[in-house]
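Working notes, structure below.
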Amino acid sequence: MKDPQTTHHPSSTVPSTEHISGSEAIIKCLLAEGVDTLYGYPGGAIMPVYDELYKYQDKIHHVLTRHEQGATHSAQGYARISGKVGVAIATSGPGATNLITGIADAQIDSTPMVCITGQVGSHLLGSDAFQETDIVGISTPVTKWNHQITKASEIPEVLAKAFYIARSGRPGPVLIDITKDAQFETFDFAYKKCAGIRSYKPVPTANPDDLKAAADLINKAKKPLVVWGQGVILGEAENVFKSVIEKAGLPAAWTILGASAIPTSHPLNVGMVGMHGNYAPNVLTNECDVLIAIGMRFDDRVTGNLDYYAKQAKIIHFEIDPAEVDKNVKTDVAVLGDAKTSLEALLPLLTSNSHEAWHQKFKDLYQIEYEKVIKADLYPTKEGLTMGEVLKEINKQTKGEAAIVTDVGQHQMIACRYAEFNTTKSNITSGGLGTMGFGLPAAIGAKMAAPDREVISISGDGGYQMTIQELGTIFQQKTAVKVVVLNNDFLGMVRQWQQLFFDKRYASTEMTNPDFVAIAKGYYLNAKRVTKREELAAAVEEMIASKEAYFLEVCVEKEDNVFPMVPSGASVSDIRLE
């Protein structure tokens with residue numbers, strides 16, 4: 001995005017009564033945007049900002065993470081559970097480049113985040129100075145917008161744009177790089193919140209003709225299927241979405257980022273679609289006559305082989321980002337706009353329906369999945385613990401009210417499949433990028449944003465060790481996160497693929513792990529290891545009852561697989577149960 005021209009909220013103007021430094025201006029801009037918490041790591045090129053933060057400790061809480069990647073994931077967790085913009089801050093060079101994984105994750109998962117990086121003095125730009133890196137060039141492909149500031153006077157307008165762009169329309173990450181001399185330079189400060197940018201229209205207006213065409217297809221459908229994604233949550237459309245599916249009697253399936261928009265137990269919630277989703281919605285995707293996609297982008301993990309995806313169905317796509325329409329799946333009707341506004345306009349156009357015979361198909365296929373997969377996951381007869389029964393016990397103890405934050409791998413798919421959600425914004429995971437190491441730091445941010453909620457981080461032994469140092473952040477900040485590691489001594493998801501498709505050649509996937517409990521205790525956390533089924537319930541109860549952070553390691557079956565599974569390159573209706 002080129003440097004956009006902005007309009008402002010006149011009421012948000014901070015009077016120009018102070019002649020202050022650029023670094024102090026940065027703090028005042030953050031306060032004007034309502035930022036109360038930011039995550040970061042100091043260094044030479046950002047030191048002037050940290051010096052100002054020291055003076056504003058009573059107004060803005062800085063969280064010292066143990067790695068800059070941890071700062072971005074914490075900011076993501078904060079944003080995902082609160083709906084506000086997460087903020088991360090780092091120095092130049094390696095500090096800035098360490099943010100990139102979290103920024104890329106936020107971009108593909110539509111998470112609003114502003115990252116501020118320090119940079120060498122403007123007179124040194126391009127000279128390969130100590131800790132100089134072209135972070136604007138590096139981050140361009142994975143940001144919604146970025147900009148380098150070399151003059152203090154630019155700071156208010158650029159930061160106002162940054163927050164507006166990050167939170168508006170389809171949210172995403174913005175990076176602002178600020179040279180050290182701009183941080184020291186003084187100027188007359190005034191701040192105006194951004195209210196719009198010329199040529200940037202974040203929310204398209206739904207066309208009434210498209211809404212009518214969508215309603216006509218839904219009203220005439222005999223076998224409709226809704227697939228909803230995170231757009232329902234980002235658009236705060238949960239209530240109207242529930243009203244739409246209830247009025248029209250629509251079976252509704254979810255992508256992993258859409259989970260928790262409606263309760264797991266809702267009778268029209270037919271489960272998860274995708275590679276490790278539920279049997280019924282995957283198979284019946286290729287039997288429905290109208291597929292209604294709401295706030296989702298037809299990711300390859302959802303669609304499988306596009307040559308065989310819902311070819312028999314009329315496709316309706318409710319989407320805020322025009323670039324996503326027809327990108328992967330050709331639509332018959334596209335309704336552009338914010339999910340809440342579009343669904344509110346759709347609701348009165350729908351006729352009441354029940355589709356009882358169609359719903360019975362979902363129930364019949366669920367029963368097949370239950371007998372072949374779910375029963376063994378949740379009520380195992382073998383000696384070793386399963387990941388599924390751990391989730392079942394967590395559900396029982398939290399009554400479906402916890403926010404579950406996961407890493408990436410087998411445990412993630414098990415958590416998405418079996419966690420019970422009664423409250424929206426409860427499934428916080430890395431979807432599009434699939435970032436191992438996401439879970440622990442994201443849980444820190446989530447718990448800080450929602451201190452009254454139970455926040456449980458669930459990781460595998462592989463991803464956990466990528467950001468294990470953030471236990472130090474938990475200890476220092478006294479953040480009451482509950483940390484669960486499902487330990488199978490393998491990089492489980494890769495091992496599963498090696499077993500099924502590479503003749504059990506377990507190349508570089510078996511883990512020789514440390515004493516996780518001893519490490520947690522080294523960070524002064526309460527910790528316990530469970531190896532037997534009869535120990536599980538009491539350990540989970542003790543963890544949930546704790547008012548402080550708690551670490552629980554559960555040693556599970558080494559070679560358990562996650563089913564159902566759509567093999568790579570296969571159709572969703574070719575989903576395997578074993």
Side-chain angles (χ1 to χ4, degrees), residues 1-6 26 29-30 33 35 38-41 45-46 49 68-80 84-119 125 132-150 154-155 157-179 182 194 197 199-203 230 234 257 297 320-324 327 430-435 438 441-442 445:
M1 183 184 292
K2 293 182 178 179
D3 190 20
Q5 296 185 16
T6 59
I26 292 166
C29 292
L30 295 177
E33 290 291 344
V35 176
L38 69 157
Y39 302 87
Y41 205 98
I46 197 68
V49 174
E68 292 89 354
Q69 182 180 340
T72 53
H73 294 329
S74 292
Q76 287 178 273
Y78 181 97
R80 291 271 289 274
K84 297 197 279 187
V85 178
V87 181
I89 184 170
T91 192
S92 63
T97 60
N98 282 343
L99 299 177
I100 292 296
T101 296
I103 292 172
D105 194 288
Q107 173 79 339
I108 200 165
D109 281 355
S110 304
T111 303
M113 182 165 67
V114 170
C115 293
I116 297 171
T117 55
Q119 184 55 274
L125 289 173
E132 181 196 1
T133 300
D134 179 10
I135 195 61
V136 171
I138 291 170
S139 65
T140 295
V142 293
T143 49
K144 193 175 176 185
W145 181 57
N146 64 16
H147 186 86
Q148 185 176 77
I149 293 174
T150 58
E154 301 176 70
I155 289 170
E157 184 178 359
V158 170
L159 282 181
K161 291 177 187 176
F163 278 88
Y164 176 73
I165 291 168
R167 69 164 66 95
S168 59
R170 181 181 180 177
V174 172
L175 181 137
I176 305 301
D177 191 44
I178 308 175
T179 61
C194 179
I197 298 172
S199 79
Y200 169 53
K201 187 178 180 183
V203 183
Q230 191 185 198
L234 293 173
L257 294 183
R297 58 187 180 85
I320 198 169
D321 184 356
E324 293 294 349
K327 185 176 82 174
S430 172
L433 197 64
T435 304
F438 173 89

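Below, all heavy atoms of this structure are taken into account, side chains as well, without hydrogens, waters or symmetry copies. Values in this document were obtained by computation on a predicted structure and should not be read as measured data.
- Going from atom CD1 of Ile155 over to atom SG of Cys29 covers 7.0 Å, rounded to the nearest 0.5 Å.
- When atom types are taken as modelled, the side chain of Asp109 and the backbone of Gly432 share a donor-acceptor pair closer than 3.5 angstrom.
- Within the 4.5 Å cutoff, side-chain heavy atoms of Asp321 are placed close to those of Glu324.
- Between Asp177 and Gln119, the closest heavy-atom pair is OD2-NE2, 3.0 Å.
- Between the CG atom in Leu433 and the CZ atom in Phe438 there is a gap of 10.5 Å [rounded to 0.5 Å].
- The shortest side-chain heavy-atom distance between Ile197 and Tyr164 falls under the 4.5 Å cut-off.
- Interatomic distance, His73 NE2 to Thr435 OG1, rounded to the nearest 0.5 Å: 5.0 Å.
- Considering only heavy atoms from C-beta on, Ser168 comes within 4.5 Å of Lys144 through its side chain.
- Between the side chain of Lys84 and the backbone N or O of Tyr78, no donor-acceptor pair lies under 3.5 Å.
- Of all the heavy atoms in Leu99 and Ala90, the pair that sits closest is CD1-CB, 3.9 Å.
- For the pair Lys161 and Cys194, the tightest heavy-atom approach, listed with the atom from each and the gap, is N-CB, 4.1 Å.
- In this structure, CD1 in Ile46 is found 7.0 Å from CD1 in Ile116, a value given to the nearest 0.5 Å.
- The two residues Asp105 and Ser430 come nearest to each other via the heavy atoms OD2-OG, 2.5 Å.
- Of all the heavy atoms in Val158 and Trp145, the pair that sits closest is O-CZ3, 3.8 Å.
- Taking CG from Leu175 and NE2 from His147, the interatomic distance works out to 11.5 Å, rounded to the nearest 0.5 Å.
- Within the 4.5 Å cutoff, the side chain of Ile176 has heavy atoms near those of the Ile178 side chain.
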Decide yes or no on side-chain contact (heavy atoms from CB on, under 4.5 Å) for Met113 and Gln107, but give the supporting numbers first. CA-CA 9 Å; Met113 182 165 67; Gln107 173 79 339; over 6 Å; no
Run the side-chain contact (heavy atoms from CB on, under 4.5 Å) test on Arg297 and Ile108 for me, step by step, so that the C-alpha distance in whole Å, both residues' side-chain angles and the decisive distance to 0.1 Å come before the verdict. CA-CA 10 Å; Arg297 58 187 180 85; Ile108 200 165; 3.6 Å; yes
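- Rounding to the nearest 0.5 Å gives a distance of 8.5 Å between CD1 of Ile320 and CG of Leu234.
- In summary, of the residues considered (Thr117, Asn146, Thr97), a side-chain hydrogen bond (donor to acceptor under 3.5 Å, both in side chains) with Ser139 occurs for Asn146 alone.
- A heavy-atom distance below 4.5 Å is not found between the side chains of Val174 and Phe163.
- In this structure, Gln230 and Arg80 have side chains that are in contact, with non-hydrogen atoms separated by less than 4.5 Å.
- Side-chain contact check for Pro173 versus Thr111: every heavy-atom pair is 4.5 Å or farther apart.
- In terms of heavy atoms, Thr179 sits closest to Leu125 at CG2-CD1, 4.2 Å.
- Of the N and O atoms on the side chains of Thr72 and Tyr39, not one donor lies less than 3.5 Å from an acceptor on the other residue.
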